[in-house]
Amino acid sequence: MISRADRTRSFKQPETLFHTGIRFVAKNLHLYKDIEYLELLPALVKNAIFLNVVRVHKGFHDDKLPSLLLNSSLTRINLSTSTISDGLLKLLADKCPHLRSLTLSEGNFRFTRTGLDAMIKQLNKLQHLYVKNCPLIDDEFVRLLATSCPLLDTLDLESCKHVGDGSAEPLSVIPLVRLNLSHTSITDKFLKAIANERCGKTLEDLNVGHCPISSDGLSALPWDTIKYIGFEGCSIEDLDIVGFGKHLKYIYWSISN
């Protein structure tokens, strides 16, 4: 006898006409870039097309198509598979004033520091920023970011090698909840500088893996709010002196040779 669960699995709901249309337009989007009505589509449709292009069709690789789809209702944008130019960054700043989350990680970086700075100055509602392995990200950019985006609570700058201890001062006043600085150049000095400041007292998720961090730096953290900590590849010789807090749920750590 076929169970109800088996019957449910065997009768998969057909894809809606809306999603079928979105997939078709996203797949053939290059054919529409010179057609004016694409820009007149409702924001909901534009957003669905934009998301499908990034997730399924390896992103955008010119500025024309994003210019037709970006709009003020977008609050989350992921360009991780796209070619990212100064022109595209300017479009984000001009057309998406309510942007809350921006992912540039794993993109094909073709922008300049001037373009990056100009964009971040306009995104004062940004809460989440993810940029991985970008040589243009350094302590001065972090300072500009902290000044321009006071609502920031998630910052992921993994493998941005030019980020170091100079980022501690600007970040110390930001109430960050999640901070990933793994594979950067921060040291114990960074952790000691943020420990008793606003940032150190709000952090719940911290990753400093593969940085020149020791137990001396970790033990300086207040540990009142930290739930997740990663320090894989760091020279942590004595975990007993770190003094993990009662809220800690997960440690990602391995012995560094």
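These numbers come from a predicted model, not from an experiment.
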Inset, instruction - Identify whether L152 and L144 are in the same connected component of the hydrophobic contact network (ILVMFWY, side-chain heavy atoms under 4.5 Å). - result: yes
Inset, instruction - Using a cut-off of 6.0 Å, state whether more than 12 heavy atoms not belonging to L40 lie near its atom CG. - result: yes
Inset, instruction - Could you tell me which residues satisfy side-chain contact (heavy atoms from CB on, under 4.5 Å) with V173, sequence neighbours excluded, listed by chain and number? - result: none
Legend entry - Partners passing side-chain contact (heavy atoms from CB on, under 4.5 Å) against T184 (at least two apart in sequence or in another chain): V163, L181, I186, C211
Inset, instruction - Quick one: list whatever passes ring-ring contact (aromatic ring centres under 6.0 Å, His included) with F109, sequence neighbours left out. - result: F111
Inset, instruction - Give a yes or no on whether I174 and V177 share a hydrophobic cluster (residues Ile, Leu, Val, Met, Phe, Trp, Tyr; joining criterion: side-chain heavy atoms under 4.5 Å apart). - result: no
Legend entry - Euclidean distance, I137 CD1 relative to S159 OG, rounded to 0.5 Å: 12.5 Å
Legend entry - Check: D156 side chain, E158 main-chain N or O, donor-acceptor pair, under 3.5 Å: yes
Inset, instruction - Please examine the side chains of T114 and D117, heavy atoms only from C-beta on, and report whether any two atoms are closer than 4.5 Å. - result: no
Inset, instruction - Supply the atom-to-atom distance N108 CG to F60 CZ, rounded to the nearest 0.5 angstrom. - result: 15.0 Å
Legend entry - Heavy-atom closest contact (K201 atom, T225 atom, distance): O-CG2, 3.2 Å
Legend entry - Derivation and outcome, side-chain contact (heavy atoms from CB on, under 4.5 Å), residues F141 and C160: CA-CA 11 Å; F141 173 78; C160 293; over 6 Å; no
Legend entry - Contacts of type side chain to side chain donor-acceptor pair (under 3.5 Å), residue H162, not counting sequence neighbours: none
Legend entry - Within one Ile-Leu-Val-Met-Phe-Trp-Tyr cluster: F24 and L31, side-chain cutoff 4.5 Å: yes
Legend entry - pair N71-K95: side-chain heavy atoms closer than 4.5 Å: no
Inset, instruction - Determine, step by step, whether L218 and I213 satisfy the side-chain contact (heavy atoms from CB on, under 4.5 Å) criterion, reporting the C-alpha distance in whole Å, the side-chain angles of both residues, the deciding distance to 0.1 Å, and the verdict. - result: CA-CA 8 Å; L218 288 177; I213 295 293; 4.1 Å; yes
Inset, instruction - Please report the shortest heavy-atom distance between P150 and T147, naming the atom on each side. - result: CD-O, 4.1 Å
Listing, residues 51-59 side-chain donor-acceptor contacts under 3.5 Å, not counting sequence neighbours, or none:
| from | atom 1 | to | atom 2 | distance (Å) |
| --- | --- | --- | --- | --- |
| N52 | OD1 | H57 | NE2 | 3.4 |

Legend entry - Any residue meeting side chain to side chain donor-acceptor pair (under 3.5 Å) with D205, in chain and number order, not counting sequence neighbours: none
Legend entry - For R23, all residues meeting side chain to side chain donor-acceptor pair (under 3.5 Å), sequence neighbours excluded: E15
For residues 191-200, which side-chain N or O atoms pair as donor and acceptor with protein atoms under 3.5 Å away, sequence neighbours left out?
| from | atom 1 | to | atom 2 | distance (Å) |
| --- | --- | --- | --- | --- |
| K192 | NZ | D216 | OD2 | 2.6 |

Legend entry - Distance-only side-chain donor-acceptor flag, D165 / T187, under 3.5 Å: yes
Inset, instruction - Applying side-chain contact (heavy atoms from CB on, under 4.5 Å), run through C96 and I77 and close with a yes or a no. - result: CA-CA 9 Å; C96 307; I77 291 179; 3.7 Å; yes
Inset, instruction - State, with a plain yes or no, whether a side-chain heavy atom of T154 is found less than 4.5 Å away from one of L176. - result: no
Inset, instruction - Would you confirm whether D139, through its side chain, and G166, through its main-chain N or O, come within 3.5 Å as a donor-acceptor pair? - result: yes
Inset, instruction - Grab the two heavy atoms, one from L123 and one from A93, that are nearest each other, plus how far apart they are. - result: CD2-CA, 4.2 Å
Inset, instruction - Consider only side-chain heavy atoms of I, L, V, M, F, W and Y, link residues closer than 4.5 Å, and tell whether L29 and F18 are in one cluster. - result: yes
Inset, instruction - Please tell me if the side chains of L206 and N180 come closer than 4.5 Å, counting only heavy atoms from C-beta onward. - result: no
Inset, instruction - Could you go through the side-chain contact (heavy atoms from CB on, under 4.5 Å) check for W223 and I229 one step at a time? - result: CA-CA 10 Å; W223 293 102; I229 180 78; 4.0 Å; yes
Inset, instruction - Report yes if some heavy atom in the side chain of R110 is under 4.5 Å from a heavy atom in the side chain of D86; otherwise report no. - result: no
Inset, instruction - Measure the spacing between CG of L68 and CG of L41 and express it to the nearest 0.5 Å. - result: 9.5 Å
Inset, instruction - May I ask you to test the L179-L203 pair for a side-chain heavy-atom distance under 4.5 Å? - result: yes
Inset, instruction - Using a strict 4.0 Å threshold on nitrogen-to-oxygen distance, state whether R178 and E204 make a salt bridge. - result: no
Inset, instruction - Using modelled atom types only, decide if a donor and an acceptor are shared between the side chain of S182 and the backbone of G209 within a distance under 3.5 Å. - result: no
Legend entry - N/O donor-acceptor pair under 3.5 Å between R100 side chain and H98 backbone: yes
Inset, instruction - Kindly compute the distance separating CG (L104) from CD1 (I84), expressed to the nearest 0.5 Å. - result: 4.5 Å
Inset, instruction - Sorted by first residue and then second, give each side-chain hydrogen bond (donor to acceptor under 3.5 Å, both in side chains) pair with at least one member in residues 60-70; sequence neighbours left out. - result: H61-T83, D63-S85
Legend entry - Distance, nearest 0.5 Å, that separates SG of C149 from CG of L129: 7.5 Å
Inset, instruction - Would you check if the side chain of N124 reaches a backbone N or O of S148 as a donor-acceptor pair within less than 3.5 Å? - result: no
Inset, instruction - With sequence neighbours left out, write down each residue that passes ring-ring contact (aromatic ring centres under 6.0 Å, His included) with H210, or none if nothing qualifies. - result: H183
Inset, instruction - Quick one: list whatever passes ring-ring contact (aromatic ring centres under 6.0 Å, His included) with F190, sequence neighbours left out. - result: none
Legend entry - Donor-acceptor pair between S73 and N47 side chains, under 3.5 angstrom: yes
Legend entry - For S80, side chain to side chain donor-acceptor pair (under 3.5 Å) partners two or more places apart: N78
Inset, instruction - Please report the shortest heavy-atom distance between P66 and L88, naming the atom on each side. - result: CB-CD1, 3.7 Å
Legend entry - E140/R113 salt bridge by N-O under 4.0 Å criterion: no
Legend entry - L155 vs L157 side-chain heavy atoms within contact, under 4.5 Å: yes
Inset, instruction - Indicate the atoms forming the closest heavy-atom contact of L136 with T112, along with that distance. - result: CD1-C, 3.7 Å
Inset, instruction - Is it possible for you to say whether I22 and V25 belong to one hydrophobic cluster, with membership spreading through side-chain heavy-atom contacts below 4.5 Å? - result: yes
Inset, instruction - Considering only NZ, NE, NH1 and NH2 on the basic side and carboxylate oxygens on the acidic side, decide whether D94 and K90 come within less than 4.0 Å. - result: yes
Inset, instruction - First locate atom CG of L92, then atom CG of L99, and finally report the distance between them rounded to the nearest 0.5 Å. - result: 6.5 Å
